[in-house]
Asker: 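Could you have a look at this structure, given as structure tokens, before my questions?
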Amino acid sequence: MEKRICILYTGGTIGMVPTPRGYAPRPGYLGPLLAAMPELTGPEAPAWDLVEMDPLLDSSNIAVGEWNAIGQAIFERYDSYDGFVVLHGTDTMAYTAGALSFMLENLQKPVVLTGSQIPLCRLRSDGRENLITSLLIAAQGKAAEVCLYFGGKLLRGCRAVKRSADGLQAFFSPNYPPLALAGVNIRYDDAALRRPAPRGPAALAPFGNVPIGVLKVFPGIQFGLFEPIMTRRLRGIVLETFGAGNIPDEQGALPPLIRKAWQNGAVLTVCSQCFEGGVLLGEYAASAALAAAGAVSGGDMTTEAAVAKLYYLFSKGLDAAAVKEKMGENLRGERSGSLT
Ligand code: ASP
């Protein structure tokens with residue numbers, strides 16, 4: 001039976017047109033453009049429908065409300081399609097991929113995010129290949145999870161990172177192998193695709209506007225300056241540390257803040273500024289105090305995934321202790337360790 005794919009257009013470079021203020025998305029523009037592409041209507045292409053989100057956005061403006069709208073748009077069409085392609089700006093695509101990975105529970109169909117660095121209206125656009133291959137991947141159904149296809153690589157959505165502002169291979173997943181490589185053929189890595197069986201029907205877990213912060217440490221950081229926000233305002237904190245989880249803290253200013261934040265119901269997750277490898281709290285004395293004060297190791301999770309996961313867990317109404325425990329578990333393949 002012919003496969004049917006839903007293409008959700010959220011905005012982003014792929015469908016943008018030049019305007020006096022620079023590239024911007026234009027409502028109603030992409031549908032006729034795609035319909036006129038013979039590759040998308042030929043016998044090899046799956047059937048597809050285009051759903052345009054309103055408003056269309058540069059992805060720098062995509063946040064919780066839009067994640068919920070995208071999740072809802074997929075969820076309400078879930079039974080009518082074999083898979084989904086989400087056209088999205090590249091700037092925050094990795095965050096949205098992470099958010100959807102958690103938000104769409106028990107997913108059993110592919111949700112492939114893609115976009116382009118050069119708009120479709122330009123001769124050298126990378127959007128054509130990204131879109132066509134994403135459609136095929138969504139129709140093939142092998143990667144039944146939230147993933148991100150870009151520049152020949154299919155990545156697990158909650159492992160992806162944008163690494164280039166102008167390269168056509170703009171994404172990578174430094175701590176997890178690509179799920180598939182698209183060369184002459186689309187070659188899947190069956191071991192990388194392995195995921196636990198769903199525990200029930202697909203469900204949507206929308207996010208709330210949880211106060212979350214990301215703090216990147218740097219030489220000379222004065223932790224005291226961040227005390228009011230860390231201990232009183234935030235519920236989820238991602239601390240981007242050096243190397244395997246180390247912080248510059250000769251004066252020992254940070255652990256009391258972490259302790260206070262934890263007592264006030266905030267969960268601090270330690271991630272690394274390095275792309276490869278991950279956090280091992282306690283490997284060095286410089287990190288041991290973080291765990292002792294109540295922080296949880298983010299392991300090899302990306303900051304993008306850690307942010308999305310904090311939104312997800314707090315939005316489910318879990319208390320800080322449960323959020324902390326789950327941050328240390330592998331829920332969607334977002335961190336190394338066995339899947340729970
Ligand atoms: N600023 C654009 C966006 O993220 C960049 C892109 O799509 O490549 O929406």
Side-chain angles (χ1 to χ4, degrees), residues 6-31 33-34 37 40 50-71 73-74 84-101 103 111-135 137-138 146-155 157-174 178 182 207 214 275 302-305 307-308 311:
C6 177
I7 304 175
L8 274 178
Y9 176 42
T10 69
T13 294
I14 190 162
M16 286 189 183
V17 290
T19 74
R21 298 190 311 128
Y23 282 116
R26 184 194 291 160
Y29 167 77
L30 194 67
L33 187 74
L34 299 190
M37 282 170 61
L40 294 183
L50 180 72
V51 174
E52 197 171 279
M53 303 300 283
D54 180 22
L56 294 172
L57 293 170
D58 185 295
S59 74
S60 359
N61 291 316
I62 287 187
V64 174
E66 290 74 26
W67 294 340
N68 287 339
I70 298 167
I74 292 171
F84 297 82
V85 171
V86 179
L87 298 180
H88 194 287
T90 59
D91 287 342
T92 66
M93 195 189 291
Y95 284 94
T96 300
L100 293 176
S101 301
M103 188 184 288
V111 172
V112 188
L113 284 93
T114 195
S116 70
Q117 294 277 47
I118 309 173
L120 277 170
C121 65
R122 306 304 299 259
L123 185 62
R124 286 189 58 245
S125 177
D126 51 331
R128 222 160 272 120
E129 198 284 322
N130 285 345
L131 171 57
I132 292 166
T133 303
S134 296
L135 268 177
I137 288 168
V146 175
C147 32
L148 188 157
Y149 178 76
F150 214 93
K153 289 196 177 103
L154 182 69
L155 308 173
C158 52
R159 289 285 197 159
V161 176
K162 183 176 179 183
R163 69 164 166 197
S164 172
D166 58 3
L168 301 188
Q169 295 214 330
F171 292 87
F172 75 150
S173 58
F207 292 0
V214 177
F275 280 130
T302 62
T303 295
E304 289 87 334
V307 165
Y311 272 116

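Keep in mind that what you see is a predicted model, and the values were worked out from it rather than measured. In each ligand, atom 1 is the first atom listed, and ligand 1 is the first ligand listed.
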Asker: Which pairs count as side-chain hydrogen bond (donor to acceptor under 3.5 Å, both in side chains) when at least one residue sits in residues 10-25, sequence neighbours excluded?
Answerer: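 Sorted pair list: Tyr23-Arg122.
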Asker: Please round to the nearest 0.5 Å and tell me the distance separating atom OH of Tyr9 and atom CG of Leu34.
Answerer: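 Going from the OH atom of Tyr9 to the CG atom of Leu34 covers 9.5 Å.
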Asker: Could you state the interatomic distance from NE2 (His88) to OG1 (Thr96), rounded to the nearest 0.5 Å?
Answerer: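 Taking NE2 in His88 and OG1 in Thr96, the distance rounds to 3.0 Å.
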Asker: Using a 4.0 angstrom limit on heavy atoms, which residues are close to ligand 1?
Answerer: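 Residues within 4.0 Å of ligand 1: Gly12, Thr13, Asp58, Ser59, Gly89, Thr90, Asp91, Ser116, Gln117.
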Asker: Does Val51 have any side-chain contact (heavy atoms from CB on, under 4.5 Å) partners at least two apart in sequence or in another chain, and if so, which?
Answerer: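 In terms of side-chain contact (heavy atoms from CB on, under 4.5 Å), with neighbours along the sequence ignored, Val51 is linked to Cys6, Leu8, Arg77.
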Asker: Taking only residues two or more places apart in sequence, or in another chain, which ones meet Lys162 in a salt bridge (Lys or Arg N to Asp or Glu O under 4.0 Å)?
Answerer: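 Result, salt bridge (Lys or Arg N to Asp or Glu O under 4.0 Å) vs Lys162: Asp91.
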Asker: Give a yes-or-no answer on whether the side chains of Glu129 and Tyr149 include a donor-acceptor pair shorter than 3.5 Å.
Answerer: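 Glu129 vs Tyr149: donor-acceptor pair found between side chains.
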